[in-house]
Amino acid sequence: MTVLERLGAVVVFLAAAAVVAEGILDPVDFLALQAVRRSLDDMPGSSFFEGWDFTADPCGFPGVYCDGNKVSALALGDPRAGSPGLSGRLDPALGRLSALTELSLVPGRVDGELPESLSSCRNLRFLAVSKNLISGRIPDGLGGLSNLRTLDVSFNQISGTIPPSIATLPSITNLILCHNHLTGGIPSFPDSSPLIRLDLKHNDLSGGVPNLPNTLQYLSLSANRLTGTVDFVLPRLTRLNFLDLSMNQLDGPIPASVFALPLSVLQLQRNFFSGLLQPANDVSIQVVDLSYNRFWGPVSPLLAGVGQLYLNNNRFTGEVPARLVQELVGSGGLQVLYLQHNFLTGIEISPASSLPSSVSLCLMYNCMVPPVYAPCPLKAGSQNTRPADQCPEWRG
């Protein structure tokens, strides 16, 4: 063999050795993945774990992503839509994956608690385990993960309170804890928080709406037991494009500045909000639902630019503004106008008017006889008008 041939053989050998070395997973991570596999199973119809053959390199397993000889991301379960998920439990060995930055779990029937050991994954940025059967509390230690940006444990059976340390996470942008059994109050967030999305709907949270950072773009707190006013909290959230506080016990007025926020959806229905609605300028929010509250006074004509307007089951009085009628009848932007169950006394619309098929108008149970027939939702009842003794300003 010539010198060149020997050199070539050495180069090939070293390259092969480098490939082998690169493919050797850290023994701690290797054992942690074995524990994860023992604690989880494919649900019927899923074949996710068929690719987990520990005689091969685990970095080639489905859902396992490595950086060098360490596991950096773990996506458990077949991510294709409609695919069956996994059953079993999340093993505490997950906390030994020291380089883990992302952990996700597809919807399935994984139960048990979130391992407290996850707080040892100091590099964790993304944790999403929604739509399973996970119970217990949110581990306090997650509040020490300074790199955590997304925490999504929605649609599970998690109980207890929200650890205050979660609200002070310096990198958190998405906090999604909806559809669980959380109790207690919503922790206050510092002004420096980078939070963009806060979704806590469908829990059993109580108390008031706390201080929230003005970075928020999505806020949903519906279907809880929240009380108190929001007139000092909402105006400073100048970047909001979605707001849902429905189905709580909130009260007090809604400031005019709320209608100037860059919202596409404003849902405040089924609370105890009251007072006049007085937006300062034309409102262009696509969906505004203020139904089942205690608002009173005239309906503002500045609401004519709304796409779907639900003002039913309040205490509005006076006549329906002509601008709203023009937008509705003229096939403008207003597509839904629900005004039933108020104390309105008139509307400027011809009985011969034919409403476009694309619009919905309901006027039942006001202090007037509806001049046009328009089908209403079943829950509006069958009475066209209020009893006269409830309508002192109505002359019939």
Could you tell me whether a side-chain N or O of Asn314 sits under 3.5 Å from a main-chain N or O of Asn312, the two making a donor and an acceptor?
yes

Mind checking whether Arg294 and Arg315 have side chains closer than 4.5 Å, heavy atoms only?
yes

Salt bridge (Lys or Arg N to Asp or Glu O under 4.0 Å) with Asp78: which residues, sequence neighbours excluded?
Arg80

Which residues, ordered by chain and number, are linked to Tyr65 in its hydrophobic cluster, where ILVMFWY side chains connect at heavy-atom gaps below 4.5 Å, directly or through other members?
none

So, Gln308 and Tyr310: side-chain donor and acceptor under 3.5 Å apart, yes or no?
yes

Carefully, step by step, assess Arg225 and Asp204 under the rule salt bridge (charged side-chain N to carboxylate O under 4.0 Å, His left out).
CA-CA 6 Å; Arg225 295 189 295 113; Asp204 196 25; 2.7 Å; yes

Side-chain donor/acceptor of Asn156 to backbone N/O of Ile158, under 3.5 Å:
no

Do the side chains of Lys131 and Asp152 get close enough for a salt bridge, i.e. N-O under 4.0 angstrom?
no

Sequence neighbours excluded - ring pair (Phe, Tyr, Trp, His ring centres under 6.0 Å) pairs with any residue from residues 270-298
none

Is there a donor-acceptor pair under 3.5 Å between the side chain of Asp289 and the backbone N or O of Gln267?
no

Between Arg109 and Asp41, does at least one N-O distance fall below 4.0 Å, as a salt bridge requires?
no

Got a sec, which residues hit ring pair (Phe, Tyr, Trp, His ring centres under 6.0 Å) with Tyr365, two or more places apart in sequence or on another chain?
His341

Please, which pairs that meet disulfide (SG to SG under 2.5 Å) have at least one residue in residues 61-105, sequence neighbours excluded?
Cys59-Cys66

Do Asp91 and Arg38 meet the salt-bridge criterion of a basic N to acidic O distance under 4.0 Å?
no

Do Asn211 and Asp191 have side-chain atoms, one donor and one acceptor, less than 3.5 Å apart?
yes

Under the rule for salt bridge (Lys or Arg N to Asp or Glu O under 4.0 Å), what residues qualify as partners of Asp111, not counting sequence neighbours?
Arg89

